[in-house]
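Working notes, structure below.
When a ligand or atom number is given, it counts from 1 through the structure's own listing order.
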Amino acid sequence: MTGERDVVVIGAGSAGLSAAKELERLGISTTVIEGSHRIGGRAYSEELLPGTWFDLGCAWLTDGDANPFAGIADRLGIALGRATWDAYNKPENHRFIRNGKRLGGDDHAACRRYYTDSYAAITAACGNGADAAISEVIDLESPCAPPFIESIATGWGVDVDGVSCADNVSSVGALGYPVPRGYGNLVAAWGADVPVTLNARAERIDWSGAGVVVETPKGTVKARRALLTVSAGMLASGEIAFGPGLPDWKLEAIAGLPMGTENKMGIAFDKDVFGPDGRGYHSVWSDDGTSAKVDVNGMGFNAVSVFTGGRHAVWLEKQGPQACRDFAVDRIAEVFGNGIRKHVLRAITTAWNSEPWTRGSWACALPGQAHQREHLARAIEDRLFFAGEATQVGGQGTCDGAYRSGVRAAREIAAALKRSS
Ligand SMILES: Cc1cc2nc3c(=O)[nH]c(=O)nc-3n(C[C@H](O)[C@H](O)[C@H](O)COP(=O)(O)OP(=O)(O)OC[C@H]3O[C@@H](n4cnc5c(N)ncnc54)[C@H](O)[C@@H]3O)c2cc1C
């Protein structure tokens, strides 16, 4: 970690790794420091059972083949679930389960219509600088509101009263291909050729002189420019000290983009308990107020991912892994009956709200604050640069959005270095 480099990249998630690769391609000397013991950040896979992978963070490639990781996976020989996705992505595969009963016919159609109408209302609420919280523009009293509210909470990690319509509309990209062997594994394989100093968290960044000096437990790194790719939650935590402090406009951007929480529970079964008609995603809710999204067999395994978001996700996470597991199994039983319980083999539950390296799942703009993503992305005095999913408009909250932001920031740095030479 000695010797001055052109750039120090802070964080080795998708954004930091793509930036490092682009800087290398442009012939700019770079060092990457990562606080944790591994690369990948929020892209991280674990084996639920031998051969059955579960992604604790990103799992689906948004936008199919337009996603840069689709081409990367093909080059690395890592299979994508293209056929699985085609089978999964059908309107009839979105099931609505209320009080343990599957809605059919007109009731199913009414809920599908409610989703279409709600998205139209969200779109109509913004434009020309206007914005509102989603809760202000949808019909909260509809019998179909609970699953939609849950879908926003899981999609954004924040409940409808805290989600900006403008931010929602600017986020492009539908869920796309699954990665049966793990999106996290794909990112780790792709990033393996980037030299990264692990367990080297940036504790203090001094940018008072001509360059930057970054203090880590492993020593000091000097560079002409710094690129921060840590989450907005990490920036908000104050764990990285800046000298001088960040300007007010940057602090306002960070405050306008608080982290949401989506948690996932992966439940593996000893056999196919879902039946031939079981695959797909289920919006499950009860009149007592519980709700969740239940993805069945999306990766082609005998496994289910149960999602919860917003305040409930934060609360449930605090109850601990056993409570998360029980919540998930209860929701799956609402769809497939209590007989499934004896077939549960293993569970993995996430705890993103208290995850020390991210402080949440992704950044979600407060109503009226969607423009802060552009401010978060903007460099400070051509010296401190910013990337990461939160800086992206269109693709925010995604792994490919993070990738694109890293490439964007690398090119900005190249231009800045050219200006100063
Ligand atoms: C539950 C969940 C589900 C998701 N599902 C999807 C999905 O299906 N599809 C999709 O595309 N995206 C999904 N995402 C989002 C996607 O995972 C993220 O947007 C993306 O991985 C973020 O990449 P990043 O590089 O911006 O940040 P990160 O991956 O967070 O990388 C930042 C890195 O900085 C490191 N760091 C933090 N502090 C310091 C410090 N002080 N010094 C040095 N290093 C530090 C961290 O350890 C981390 O490795 C999901 C995320 C979650 C949590």
Are any of the N/O atoms in [X] less than 3.5 Å from those in ligand 1?
X      : result
Gly388 : no
Glu34  : yes
Thr358 : no
Leu56  : no
Ser361 : no
Glu389 : yes
Ala59  : yes
Gly35  : yes
Tyr183 : no

Please check if atom CZ in Arg95 has more than 12 non-hydrogen atoms from other residues, nucleotides or ligands closer than 6.0 Å.
yes

Is the CD atom of Glu24 crowded by more than 12 outside heavy atoms at less than 6.0 Å?
no

Gap between atom CZ of Phe336 and atom CD1 of Ile97 - 0.5 Å precision
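Reported to 0.5 Å precision, the distance equals 7.5 Å.
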
For ligand 1, indicate whether the residue [X] contacts it via side chain, backbone, both or neither (heavy-atom separation under 4.0 Å).
X      : value
Met234 : side chain
Lys264 : side chain
Val187 : neither
Ala15  : both

If you measure only the distance, is there a donor-acceptor pair under 3.5 Å linking the side chains of [X] and [Y]?
X      : Y      : result
Asp131 : Ser164 : yes
His343 : Asp270 : yes
Ser286 : Glu334 : yes
Thr261 : Asn353 : yes

So is Gly406 touching ligand 1 or not, going by heavy atoms under 4.0 Å?
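Flag not set, Gly406 not near ligand 1.
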
Among the heavy atoms of Ser231, does any lie under 4.0 Å from an atom of ligand 1?
no

Is it the case that the side chain of Glu317 and the backbone of Trp352 share a donor-acceptor pair, with hydrogens and angles ignored and the cut-off at 3.5 Å?
yes

Please check if the side chain of Thr229 supplies one atom and the backbone of Ile10 the other of a donor-acceptor pair under 3.5 Å.
yes

Please work out which of Trp362, Trp352, Trp357 has its closest non-hydrogen atom nearest to atom 37 (C) of ligand 1.
Trp357

Could you find the nearest protein heavy atom to atom 32 (C) of ligand 1 and give me its residue, atom name and distance?
Thr229 O, 3.6 Å

What closest approach, in Å, do Ala121 and Val137 show between heavy atoms, and which atom pair accounts for it?
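Heavy-atom minimum between the residues: CB-O, 3.4 Å.
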
Do the ring planes of His375 and His371 sit parallel (below 30°), tilted (30 to 60°) or perpendicular (above 60°)?
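Aromatic pair His375/His371 classed perpendicular.
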
